[in-house]
Asks: 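First the structure, then my questions, so here it is.
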Amino acid sequence: MSTKAYYPLNEIGASKTGFAKTRSIIEAAFYGNNVVKVNTLKEAYELAKNSTGTIVTDMPVYRGEEFGLEPDAKVLLFNDGAITGRYAAARRIAGEPGVDCAALDKVAMDAVYESRWKTMYHAEVYVGLDPEFMVKAHLLIPEGEENIMYSWMLNFQYMSDEYVKMYKNSKAVGDGKEADIYIFSDPQWSPVEHPGVDFSCLSDPQTLCYFNTNQNCACILGMRYFGEHKKGTLTMAWAIANRNGYASCHGGQKEYTLADGSKYVASVYGLSGSGKSTLTHAKHDGKYGIKVLHDDAFIINTDTCASIALEPTYFDKTQDYPVGCEDNKYLLTSMNNSATLDEDGHIQIVTEDIRNGNGRAIKSKLWSPNRVDKIDEPVNAIFWIMKDPTIPPVVKLKGASLASVMGATLATKRSSAERLAPGVDPNALVVVPYANPFRTYPLANDYEKFKKLVAEKNVDCYIINTGDFMGKKVKPADTLGILEAIVERKADFKQWGPFSDIEIMDWEGFVPDMNDPEYVGQLKARMTDRVNFVKSTATVKDGYDKLPDDALAAIQKVVDELN
């Protein structure tokens, strides 16, 4: 088995795999006599369909019987209320400075106690879709939240006969030292003063996402949005992967087969709204054979450079998929969208973010007919997707330290998928290292993993700007044309201005004027922002995320060359 769920008596006890304080609080709740085990997707569908407030649309689930549903299953719609996005401020991560695990453990203990008055559902899935890396995850969630559970089972791999057999034959992750993932969630929770519980340990008084990834467990309280459960589960799986020699990736990957039979594997990294899904699924007018690994979550083996998808389905925005769009044929569930009656009196989902921002849906694996769960070919290139108006549509980075630190200082704009704390400017450019706000381990771990890929495995590294360049919008056709030139090995890169470690490919309409003092000044300011970010890692959170000295030296060199 890939992760441990069952233990001989001599392996149970303090200081042994799977036994630590936070985990013991959370796991015990799964065995209460108020817990109902949900074993199949069909059971989960019926529970969600009959859950109060669910909108059962007249949209059929396309070929649903192929992944565990009845042939007459319908797309289910459920709306969460006022909150329709992730809330990073609620995250508390064990091991980070200032995180009081003793106090948080008591919050979790009290939440578990209060759950005794409710019927709780226990669901299981696999995260990771290849025998090389599969981990089992458990979710405990109360009655009334069946739609979250059903979407969670769809988003990850439910326990079909095929995957149960695969899991039994899979490699033990961490040589048997990794326990199953356990997640306790109560979206109905609200803080109530009880003896021994101090809510000052929460960063937000109404909600909590408490991760103890060393113990493979989490407690999610007061959070209705499905995305918290999806990303919370991925957070745990990425942490396991990080401990076991993989680069954890929030991005997309695809394999191109060119006319001469050669392969090219490209990985793109960006936040929601950056274009990573568009680039990952682009068919390039049929010029190449395409295999898609995933557009959001995968891992790269830093020794073999093979890549493994963590999820079978896609949790996508519905903003750009209007009613009647062919892509909507592949919807499984939807959330935070409206509904109406069509001319035949059938209930249809109303998309395009009319009701609220960040309308979402889970799309089936069938949406991408060229999906694979693993790409054995070594990754050829990494593309950091940024929305930085001083960076041309594409530049190539030389040197492993610069390539990795540019990923660590990936700059972009906020997306509508985020719920922001009061006072945060939604239009400000922000740095989100490696486009992954879900890291629960020191940033240097990711830095070293991506540096290794470039330094030892000869992976190329690029920045592509999908926003605007000095006021001119970079269109998808520009970005796709650039990608095609690189994939076909026709791209002509040359040294960019004074930079010894950055090359540029001239792209019509986007050639930077290095003799324009205003442009150079803005470029220097943005690069200086990166320098300042790297410097700040030495002090923020008491240096928990401090980057190595060579990272600072590499980005400082870029600034110095602009003088």
Asks: For Thr313 and Ser364, run side-chain hydrogen bond (donor to acceptor under 3.5 Å, both in side chains): C-alpha distance rounded to whole Å, both residues' side-chain angles, the deciding distance at 0.1 Å, then the answer.
Replies: CA-CA 5 Å; Thr313 56; Ser364 80; over 6 Å; no

Asks: What's the verdict on side-chain contact (heavy atoms from CB on, under 4.5 Å) for Ser160 and Phe67, showing C-alpha distance, side-chain angles and the deciding distance?
Replies: CA-CA 8 Å; Ser160 67; Phe67 39 87; over 6 Å; no

Asks: For Lys473 and Asp468: C-alpha separation, side-chain torsions, deciding distance, then whether salt bridge (charged side-chain N to carboxylate O under 4.0 Å, His left out) applies.
Replies: CA-CA 4 Å; Lys473 180 70 178 80; Asp468 69 274; over 6 Å; no

Asks: Atom CZ in Phe533, atom OG1 in Thr528: separation rounded to 0.5 Å?
Replies: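 Those atoms lie 15.0 Å apart.
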
Asks: With a 4.5 Å cut-off on side-chain heavy atoms, are Thr3 and Ile181 touching?
Replies: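 With C-beta onward as the side chain, the pair stays apart.
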
Asks: Angle between ring planes, Phe226 versus His229, binned at 30° and 60°: parallel, tilted or perpendicular?
Replies: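 The arrangement is parallel - the two ring planes meet at less than 30°.
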
Asks: One thing to verify: whether Lys276 and Asp296 come together as a salt bridge, which I'm taking to mean a side-chain N less than 4.0 angstrom from a carboxylate O.
Replies: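 A salt bridge is present here (some side-chain N lies under 4.0 Å from a carboxylate O).
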
Asks: To the nearest 0.5 Å, what is the distance between OH on Tyr462 and CD1 on Ile385?
Replies: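 These two atoms lie 14.5 Å from each other.
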
Asks: Can you find a pair of side-chain heavy atoms, one from Val75 and one from Lys329, that are under 4.5 Å apart?
Replies: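 They are not in contact (no side-chain heavy atoms under 4.5 Å apart), so the answer is no.
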
Asks: Considering the options Asn301, Asn244, Ile308, Val127, which one meets the side-chain contact (heavy atoms from CB on, under 4.5 Å) requirement together with Phe133?
Replies: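 The side-chain contact (heavy atoms from CB on, under 4.5 Å) with Phe133 is passed solely by Ile308 among Asn301, Asn244, Ile308, Val127.
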
Asks: Among side-chain atoms of Ser401 and Asp550, is any donor-acceptor pair under 3.5 angstrom?
Replies: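 Asp550 and Ser401 do have a side-chain donor-acceptor pair below 3.5 Å.
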
Asks: Quick one: is the NZ or CZ of Arg360 closer than 6.0 Å to the six-membered ring centre of Phe315, and within 45° of its axis?
Replies: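 Yes - Arg360 lies over the ring of Phe315, closer than 6.0 Å to its centre and within 45° of its axis.
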
Asks: I want to check something: taking the side chain as every heavy atom from C-beta on, are Leu234 and Phe438 in contact at a cut-off of under 4.5 Å?
Replies: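 No, their side chains stay 4.5 Å or more apart.
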
Asks: Determine, stepwise, if the pair Arg526 / Asp388 fulfils salt bridge (charged side-chain N to carboxylate O under 4.0 Å, His left out).
Replies: CA-CA 8 Å; Arg526 295 299 298 129; Asp388 178 343; 3.6 Å; yes

Asks: Carefully, step by step, assess Ile463 and Phe383 under the rule side-chain contact (heavy atoms from CB on, under 4.5 Å).
Replies: CA-CA 5 Å; Ile463 299 173; Phe383 294 85; over 6 Å; no

Asks: For Asn169 and Lys165, indicate whether the former's side chain and the latter's backbone hold a donor-acceptor pair under 3.5 Å.
Replies: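 Confirmed, Asn169 side chain pairs with Lys165 backbone.
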
Asks: Checking side-chain polar atoms at under 3.5 Å, does Gln495 have a donor or acceptor matched by the opposite partner on Ser500?
Replies: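 There is no such pair (donor and acceptor under 3.5 Å, judged by atom type) between the side chains of Gln495 and Ser500.
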
Asks: Less than 6.0 angstrom separating the ring centers of Tyr167 and Tyr126, yes or no?
Replies: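 Yes, ring centres under 6.0 Å apart.
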
Asks: Start with the C-alpha distance between Ser404 and Val454, add both sets of side-chain angles, then the distance that settles side-chain contact (heavy atoms from CB on, under 4.5 Å), and finish with yes or no.
Replies: CA-CA 8 Å; Ser404 192; Val454 176; over 6 Å; no

Asks: Would you call the rings of Phe298 and Tyr269 parallel, tilted or perpendicular, where under 30° means parallel and over 60° means perpendicular?
Replies: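 Ring orientation, 0 to 90° scale: tilted.
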
Asks: What I'd like to find out is whether the side chain of Tyr246 reaches to under 4.5 Å of the side chain of Glu132, using heavy atoms alone.
Replies: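 Side-chain contact under 4.5 Å: yes.
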
Asks: Any side-chain donor-acceptor pair under 3.5 Å between Thr213 and Thr440?
Replies: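 Per modelled atom types, Thr213 and Thr440 side chains form a pair under 3.5 Å.
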
Asks: State yes or no: are the ring centers of Tyr434 and Phe450 separated by less than 6.0 Å?
Replies: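 Centroid separation for Tyr434 and Phe450: below 6.0 Å.
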
Asks: Is it the case that the side chains of Ser277 and Asp295 hold a donor-acceptor pair, with the cut-off being a distance below 3.5 Å and no angle test?
Replies: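 Asp295 vs Ser277: donor-acceptor pair found between side chains.
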
Asks: Kindly determine whether His250 and Lys231 satisfy side-chain hydrogen bond (donor to acceptor under 3.5 Å, both in side chains), including the steps that lead there.
Replies: CA-CA 10 Å; His250 181 220; Lys231 291 300 187 187; 3.1 Å; yes

Asks: If you round to the nearest 0.5 Å, how far is CZ of Arg91 from CZ of Arg439?
Replies: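 Those atoms lie 10.0 Å apart.
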
Asks: Just so I know, are the side chains of Tyr321 and Leu331 near enough to count as touching, which here means a heavy-atom distance under 4.5 Å?
Replies: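 No, side chains not in contact.
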
Asks: Could you walk me through whether Tyr163 and Leu129 pass the side-chain contact (heavy atoms from CB on, under 4.5 Å) check?
Replies: CA-CA 8 Å; Tyr163 280 90; Leu129 304 178; 4.3 Å; yes

Asks: Classify the side-chain pair Thr466/Thr479 by whether it contains a donor and acceptor separated by less than 3.5 Å.
Replies: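 On atom types as modelled, these side chains do not qualify, holding no pair under 3.5 Å.
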
Asks: To the closest 0.5 Å, what do you measure between OG (Ser307) and CG (Asp373)?
Replies: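 Ser307 atom OG to Asp373 atom CG measures 12.5 Å (nearest 0.5 Å).
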
Asks: May I ask you to check whether His294 and Gln253 show a side-chain donor-acceptor distance below 3.5 Å?
Replies: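 No - no donor-acceptor pair under 3.5 Å links their side chains.
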
Asks: Taking the inter-plane angle between the rings of Phe510 and Phe469 on a 0 to 90° scale, is it parallel (under 30°), tilted (30 to 60°) or perpendicular (over 60°)?
Replies: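 Aromatic pair Phe510/Phe469 classed tilted.
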
Asks: Atom CD in Glu255, atom CG in Asn370: separation rounded to 0.5 Å?
Replies: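 It is 10.5 Å, given to the nearest 0.5 Å.
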
Asks: Could I get the full list of salt bridge (Lys or Arg N to Asp or Glu O under 4.0 Å) partners for Lys42, not counting sequence neighbours?
Replies: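 Expected list: Glu70.
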
Asks: Going by atom types only, do Asn242 and Lys449 share a side-chain donor-acceptor pair under 3.5 Å?
Replies: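 A donor-acceptor contact under 3.5 Å links the two side chains.
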
Asks: Look at atom CG of Asp72 and say whether more than 12 heavy atoms of other residues, nucleotides or ligands are closer to it than 6.0 Å.
Replies: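 Correct, the count exceeds 12.
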
Asks: Between the side chains of Asn336 and Tyr225, is a donor N or O closer than 3.5 angstrom to an acceptor N or O?
Replies: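 The answer is no; no qualifying pair exists.
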
Asks: Determine whether Asp492 and Lys490 satisfy the following criterion, salt bridge (charged side-chain N to carboxylate O under 4.0 Å, His left out), listing intermediate values before the conclusion.
Replies: CA-CA 6 Å; Asp492 182 18; Lys490 294 177 181 177; over 6 Å; no

Asks: Cut-off 3.5 Å, side chains only: do Thr390 and Gln522 have a donor facing an acceptor?
Replies: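 The answer is no; no qualifying pair exists.
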
Asks: Check step by step if salt bridge (charged side-chain N to carboxylate O under 4.0 Å, His left out) holds for Glu484 and Lys287.
Replies: CA-CA 9 Å; Glu484 290 174 6; Lys287 295 178 186 177; 2.6 Å; yes

Asks: How about Tyr314 and Trp367: are their ring centres within less than 6.0 Å of each other?
Replies: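 That pair passes the under 6.0 Å test.
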
Asks: Under 3.5 Å, is there a donor-acceptor pair linking the side chains of Thr257 and Lys263?
Replies: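 The answer is yes; a qualifying pair exists.
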
Asks: Taking the side chain as everything from C-beta on, heavy atoms only, tell me whether Val125 gets closer than 4.5 Å to Gln157.
Replies: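 SC-SC contact between Val125 and Gln157 ruled out.
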
Asks: Just wondering, are more than 12 heavy atoms of other shown residues or ligands nearer than 6.0 Å to CG in Asp344?
Replies: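 More than 12 within 6.0 Å, yes.
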
Asks: To the nearest 0.5 Å, tell me how far Ser248 OG sits from Arg243 CZ.
Replies: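 Result: 10.0 Å between the selected atoms.
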
Asks: Given side chains that start at C-beta, do those of His281 and Lys254 come closer than 4.5 Å, heavy atoms only?
Replies: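 With C-beta onward as the side chain, the pair stays apart.
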
Asks: So which pairs with a foot in residues 297-315 pass salt bridge (charged side-chain N to carboxylate O under 4.0 Å, His left out), sequence neighbours left out?
Replies: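 Pairs touching residues 297-315 that pass the test: Lys230-Glu311, Asp303-Lys452.
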
Asks: Is Asp376 salt-bridged to Lys374, going by a charged N under 4.0 Å from an acidic O?
Replies: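 Looking at Asp376 and Lys374, the cut-off is met.
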
Asks: Do Val559 and Lys524 come close enough that some side-chain heavy atom pair is under 4.5 Å?
Replies: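 They are in side-chain contact.
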
Asks: Answer yes if the side chains of Tyr256 and Ser262 hold a donor-acceptor pair under 3.5 Å, and no otherwise.
Replies: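 Absent: no donor and acceptor within the cut-off.
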
Asks: Testing the 3.5 Å rule here: is there a donor-acceptor pair between the side chains of Thr318 and Asn337?
Replies: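 Result is yes, a qualifying pair exists.
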
